[in-house]
Visitor: 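Below is the structure I would like to discuss, written out as structure tokens.
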Amino acid sequence: MPYTLDDVTRIVLQAKEKAYRETDLEPEPQYTTEVEWPIQCTVGPGLEGAIACETKIGYVNGAKGWLIYRGYDVFDLCAHSTFEETSFLLLHGRLPTAQELDVFCRTLRRRMFIPRTQRVLLSFPVEERNPMDALRLGTNLMRQKQTRNERDNTGEDTLASDDDSIPMETKPEGRKHPVYEFLARLFKPVTVIEPTADVVPDDVESFYNLIAGVAAVSATIGRARQGRMPLEPLPDLSFAGNYLYMLSGRRPTPLEERVMDICLILHADHGMNASTFASMVVASTLSDIYLAIGAGISALSGPLHGGANVEVVNMLDEIGSASAVPKWYKTALEEKRKIMGFGHRVYKAYDPRARILAPLAEMLAEEHPELRNTYETARALEREVVATLGEKKKVFPNVDFYSGIVYRSMGIPADMYTTIFAVSRVSGWCARVAEYIENNRIFRPRAIYTGTFEEKYIPVQNRGEN
Ligand code: ACO
């Protein structure tokens, strides 16, 4: 019998039950108690243990394996919410009313229409570039809308979300600064939104544009890589559904739409990870939100971070089958290789996101026989790694281990997987930047200098050979 949407909810809630059975539910006081700055903390290499700021957005309990967005457990959000609702929650600090959610969904859908950005983006050979590099480029190109001088306040978005109403030869009037600049004195907290209005404060505009636009840019890149033109969003599809449609040109099945929605919810925020921190560091200089998000995309692309999801499927293909796992793993251990999709700086328990993605991958492997071998290989590798490194080094599967299998079931090419991570995480990046900038202080750590002093300068012609 084919799986239904109810089955997906059941799978998520079963994963929650298992997680709750295996972990007790106490927050860690050292990461959940308000502090008086400055504070003392023990910092390891890679800023391990460093506390950079306070936040109300999200909490990762690495010892127990939970993930909380604004007080809500990610298991509950995956079971009952949508990516649109979760993004609203992250940005605005509370769940929307039905009317707010409706406006927000329509706003995002409309802003997935970015013909001007697509036109400029496609003038580059994006199909030849790394998709994350192309995504960063497209994200920066989206800024063009923000050169528009004044919004019309009719409540109607008469322009495409990246359209520029000012012809180049028109003398600019109105705002002295484009709104994408972070001017602390202009920046207002984003917690208030008029429920009935179809307009939002300028500061928030950019966040909405980015959440919708990064998805549209990712889809455009995916299309370009297949030699195809971009597609416009459809009015009857959700954010996840439209993303899949704009990427593949095929209306997703309700099951695919729901599973992608869960993937987007799961990846939306995750503490002070490298890409979030990169975005915040750039924003803390009062740079520009589009450049800040571009920094997040750059950091996410690395194989130690979001890029691991691509590496995982390549690794599983290389292993080839479940029976080949023991030999492959033995060699990997001997060569002291890091196994992609395992381990985490914060989680020293099972990553809750992997708890959800693993059974979803299993469900999809049952629906898609061609995926069974990959799924079985993944399961066998997980058993080996957890048996050898689980107890000893607290190394368990992370979010990237099963996500690739899920995306493969939807026919998405592997090199697009990390862009999907960005499509989701942009809402966390925006929320964290918005929160931090309210009480901004530029990030500026120190390094311990271990070099020499009092070197005598020798002119180049007198230096001889090395
Ligand atoms: N495979 C094998 N051993 C591992 C792995 C792994 N994937 N991850 C950690 N370990 C071991 C380390 O070798 C180390 O052992 P040691 O104490 O004997 O030296 C110990 O576990 C601690 O690991 P660190 O490398 O100190 O962990 P760190 O916090 O610096 O790195 C990271 C975390 C980058 C995620 C690491 O686990 C890794 O490289 N994983 C593979 C890449 C990956 O999956 N990245 C995605 C992470 S999730 C995300 O970003 C969305």
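When a ligand or atom number is given, it counts from 1 through the structure's own listing order.
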Visitor: Which of the numbered atoms in ligand 1 are under 4.0 angstrom from any heavy atom belonging to Gly341?
Guide: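 Reading through ligand 1 atom by atom, the close ones are 43 (C), 44 (O).
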Visitor: Is it the side chain, the backbone, both or neither of Val312 that has a heavy atom closer than 4.0 Å to ligand 1?
Guide: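 Within the 4.0 Å criterion, Val312 makes no contact with ligand 1.
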Visitor: Between Glu22 and Arg355 (salt bridge meaning N to carboxylate O under 4.0 Å), is one present in this structure?
Guide: yes
Visitor: For atom 28 (P) of ligand 1, what is the nearest protein heavy atom, given as residue, atom name and distance?
Guide: Arg345 NE, 3.7 Å
Visitor: Check Glu84 with Arg106, please: is the shortest side-chain N to carboxylate O separation under 4.0 Å?
Guide: no
Visitor: Got a protein heavy atom sitting under 4.0 Å from atom 13 (O) of ligand 1?
Guide: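 Within 4.0 Å: yes, protein heavy atom nearby.
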Visitor: My question is simple, although I want it checked carefully: is atom 22 (C) of ligand 1 less than 4.0 angstrom from any protein heavy atom?
Guide: no
Visitor: Only counting residues at least two apart or in another chain, list the ones meeting side chain to side chain donor-acceptor pair (under 3.5 Å) with Thr220.
Guide: Gln118
Visitor: Take a 6.0 Å sphere around CD of Glu391 and say whether it holds more than 12 heavy atoms from other residues, nucleotides or ligands.
Guide: no
Visitor: May I ask you to check if ligand 1 and Val395 share an N or O to N or O distance below 3.5 Å?
Guide: no
Visitor: Using heavy atoms and a threshold below 4.0 Å, how should the contact between Asp400 and ligand 1 be classified: side chain, backbone, both, or neither?
Guide: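 Near ligand 1, Asp400 shows its side chain, while the N, CA, C and O stay back.
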Visitor: Given that the side chain starts at C-beta and the backbone is N, CA, C, O, which of these parts of Lys336 lies under 4.0 Å from ligand 1, counting heavy atoms, or is it both or neither?
Guide: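 The answer is neither.
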Visitor: Is a side-chain donor or acceptor of Asn373 paired with a backbone partner of Gly320 at a separation under 3.5 angstrom?
Guide: yes
Visitor: Treating Arg109 as the side-chain partner and Leu237 as the backbone partner, does any N or O pair qualify as donor plus acceptor under 3.5 Å?
Guide: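 At least one qualifying donor-acceptor pair exists.
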Visitor: Just to confirm my output: which protein heavy-atom neighbour is closest to atom 1 (N) of ligand 1, and how far is it?
Guide: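 Checked against all protein heavy atoms, atom 1 (N) of ligand 1 sits closest to Ile339 N, 2.9 Å.
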Visitor: Between Phe443 and Tyr436 (judged by ring centroids, cut-off 6.0 Å), do the two rings come close enough to count as a pair?
Guide: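 When the ring centroids of Phe443 and Tyr436 are compared, they turn out to be within the sub-6.0 Å range.
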Visitor: Could you establish whether Gly46 and ligand 1 come within less than 4.0 Å of each other, counting only heavy atoms on the residue side?
Guide: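 Judged by the 4.0 Å heavy-atom criterion, Gly46 does not count as contacting ligand 1.
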Visitor: Is Phe342 in polar range of ligand 1, meaning some N or O pair under 3.5 Å apart?
Guide: yes
Visitor: If the cut-off is 4.0 Å to any non-hydrogen atom of Val399, which atoms of ligand 1 fall inside it?
Guide: 51 (C)
Visitor: If a pair satisfies salt bridge (Lys or Arg N to Asp or Glu O under 4.0 Å) and one of its residues is in residues 260-286, list it, with sequence neighbours excluded.
Guide: Asp269-Arg432
Visitor: Considering non-hydrogen atoms of the protein only, which is the closest contact for atom 47 (C) of ligand 1, and what is the distance?
Guide: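 The protein heavy atom lying closest is Asn398 ND2, 3.5 Å.
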Visitor: How about atom 43 (C) of ligand 1: does it have a protein heavy atom within less than 4.0 Å?
Guide: yes
Visitor: Atom CZ of Arg225 and atom CE of Met416: how far apart are they, to the nearest 0.5 Å?
Guide: 7.0 Å
Visitor: Would atom 25 (O) of ligand 1 count as contacted, meaning some protein heavy atom under 4.0 Å?
Guide: yes
Visitor: Is Phe401 close enough to touch ligand 1? Criterion: a residue heavy atom under 4.0 Å from a ligand atom.
Guide: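 For ligand 1, residue contact (heavy atoms, under 4.0 Å) with Phe401 is absent.
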Visitor: Considering both backbone and side-chain atoms of Lys393, is one of its nitrogen or oxygen atoms within less than 3.5 Å of a nitrogen or oxygen in ligand 1?
Guide: yes
Visitor: Any nitrogen or oxygen of His305, main chain or side chain, under 3.5 Å from a nitrogen or oxygen of ligand 1?
Guide: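 There is such a contact, yes.
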Visitor: If we only count heavy atoms from C-beta on, is the Ile11 to Glu362 side-chain gap below 4.5 Å?
Guide: no
Visitor: Is the closest N or O pair between Leu389 and ligand 1 shorter than 3.5 Å?
Guide: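 No, no N or O pair falls under 3.5 Å.
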Visitor: Atom 40 (N) of ligand 1: protein heavy atom closer than 4.0 Å?
Guide: yes
Visitor: Are any of the N/O atoms on Lys338, whether in the backbone or the side chain, positioned under 3.5 angstrom from an N/O atom of ligand 1?
Guide: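 Yes.
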Visitor: State the atoms of ligand 1, each with its element, that fall below the 4.0 Å cut-off from a heavy-atom position in Phe421.
Guide: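 Within the 4.0 Å cut-off of Phe421, ligand 1 contributes 51 (C).
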Visitor: Is the shortest side-chain N to carboxylate O distance from Lys338 to Glu311 below 4.0 Å?
Guide: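 Answer for the salt bridge query: no.
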Visitor: Could you tell me whether a side-chain N or O of Tyr350 sits under 3.5 Å from a main-chain N or O of Arg353, the two making a donor and an acceptor?
Guide: no
Visitor: Which heavy atom of the protein is the closest neighbour of atom 45 (N) of ligand 1, given with residue, atom name and distance?
Guide: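 Going atom by atom, the protein heavy atom closest to atom 45 (N) of ligand 1 ends up being Leu304 O, 3.0 Å.
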Visitor: Check each of Tyr69, Tyr59, Tyr347, Trp66 against His270 using the ring-ring contact (aromatic ring centres under 6.0 Å, His included) test, and report the only one that passes.
Guide: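 Between His270 and the candidates, ring-ring contact (aromatic ring centres under 6.0 Å, His included) is satisfied uniquely by Tyr347.
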Visitor: So is Ala308 polar-close to ligand 1, meaning N/O to N/O under 3.5 Å?
Guide: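 It does not: no N or O of Ala308 is found under 3.5 Å from an N or O of ligand 1.
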Visitor: Who's closest to atom 48 (S) of ligand 1 heavy-atom-wise, of His344, His267, His270, Lys394?
Guide: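 Among His344, His267, His270, Lys394, the closest heavy atom to atom 48 (S) of ligand 1 comes from His344.
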Visitor: Got a donor-acceptor contact below 3.5 angstrom from the His267 side chain to the Cys263 backbone?
Guide: yes
Visitor: For ligand 1, is there an atom lying under 4.0 Å from some heavy atom of Pro303?
Guide: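 Right, Pro303 reaches ligand 1.
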Visitor: Could you check whether any side-chain N or O of Arg136 sits under 3.5 Å from a backbone N or O of Ile297, counting only pairs where one atom can act as donor and the other as acceptor?
Guide: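 Here the side-chain-to-backbone pair does not exist.
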Visitor: Atom 35 (C) of ligand 1: which protein heavy atom is closest, and how many Å away?
Guide: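 Going by distance alone, atom 35 (C) of ligand 1 is nearest to Gly343 O, 3.7 Å.
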